[in-house]
Amino acid sequence: MPPRSWKHSANWKRISTEFDLPLALSPTPRGADLRQAIAEIAYGTTASYGALARAIGSSPRAIGQACARNPFPIIVPCHRILGAGGALGAYSAGEGPITKSRLLDHERPPGGLL
DNA sequence: CCTACTCCTTGGC
DNA sequence: GCCAAGGAGTAGG
């Protein structure tokens, strides 16, 4: 957990793959579930829209919609969500799919065949 | 390859 | 407050 004051502790963690930030609640109820489900996706791994949809009892379209309208597209790892068959899909933040690809490549463990 | 289904968010009335 | 349209998908023909 982060210390009370971020200002005076740059050394809390050099590298953190988890966030527990007190983000403002999603404007939409489903959005909260979405973010929670997405947050379950571990660093370096990915999930498909369909899988997430099944996880929260929704539909792939809804996932995409909520993600696209996601207020925190980078905090919430929307980039770990791929389409069926590992298709890259789309991305609404940064440079779009390019950013998504970069993020995924960045998180991809070295030597791994993910 | 194109069509239909599904569900959520958003914008207009 | 309700109705209509759009969207980061998926399955079926």
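Naming: A, B, ... by sequence-line order, numbering from 1 per chain.
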Between atom CG of A:L52 and atom CG of A:D33, what is the distance when rounded to the nearest 0.5 Å?
-> 12.0 Å
Reported CG-to-CD1 distance for the pair A:L34 and A:I63, which is rounded to 0.5 angstrom | 4.5 Å
Can you find a pair of side-chain heavy atoms, one from A:Y91 and one from A:L103, that are under 4.5 Å apart?
->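 With C-beta onward as the side chain, the pair touches.
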[X] [atom1] to [N] [atom2], straight-line distance once rounded to whole Å:
| X | N | atom1 | atom2 | value |
| --- | --- | --- | --- | --- |
| A:R61 | C:dA5 | CZ | C1' | 12 Å |
| A:I63 | B:dC8 | CD1 | C1' | 10 Å |
| A:Q65 | C:dG7 | CD | P | 8 Å |
| A:L52 | C:dG9 | CG | C1' | 12 Å |
| A:K100 | C:dA8 | NZ | C1' | 6 Å |
| A:I98 | C:dA8 | CD1 | P | 16 Å |
| A:L34 | B:dT9 | CG | P | 8 Å |

Are A:I81 and A:I56 connected in the hydrophobic side-chain network, where two residues link if heavy atoms are under 4.5 Å apart?
->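 Yes, one cluster joins them.
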Map A:A62 and A:G50 onto DNA chain C by nearest heavy atom, then report which one ends up closer to the 5' terminus.
-> A:A62
Quick one: on DNA chain C, does A:G83 or A:R69 contact a more 5' nucleotide (nearest heavy atom)?
->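 Going by which nucleotide is closer to the 5' end, it is A:R69.
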What's the closest nucleotide to the [X] side chain, out of [options]?
| X | options | result |
| --- | --- | --- |
| A:S58 | C:dA8, B:dC8, C:dG9 | B:dC8 |
| A:Y91 | C:dT10, B:dC8, C:dA8 | C:dA8 |
| A:A84 | C:dT10, C:dG9, C:dA8 | C:dT10 |
| A:P60 | B:dC8, B:dT6, C:dT10 | C:dT10 |

Considering Watson-Crick and G-U wobble pairs with both distances under 3.5 Å, what does C:dA4 pair with?
->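 Because both required distances fall under 3.5 Å, C:dA4 counts as paired with B:dT10.
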Scan A:A68 against the nucleic acid and name what it touches under 4.0 Å (heavy atoms): base, sugar-phosphate only, or nothing.
-> base
Have a look at A:G89 and say if it touches a base, only the backbone sugar-phosphate, or nothing, with a 4.0 Å heavy-atom cut-off.
-> nothing
List the steps and the verdict of salt bridge (charged side-chain N to carboxylate O under 4.0 Å, His left out) for A:R108 and A:D105.
-> CA-CA 5 Å; A:R108 187 169 302 152; A:D105 185 66; 3.7 Å; yes
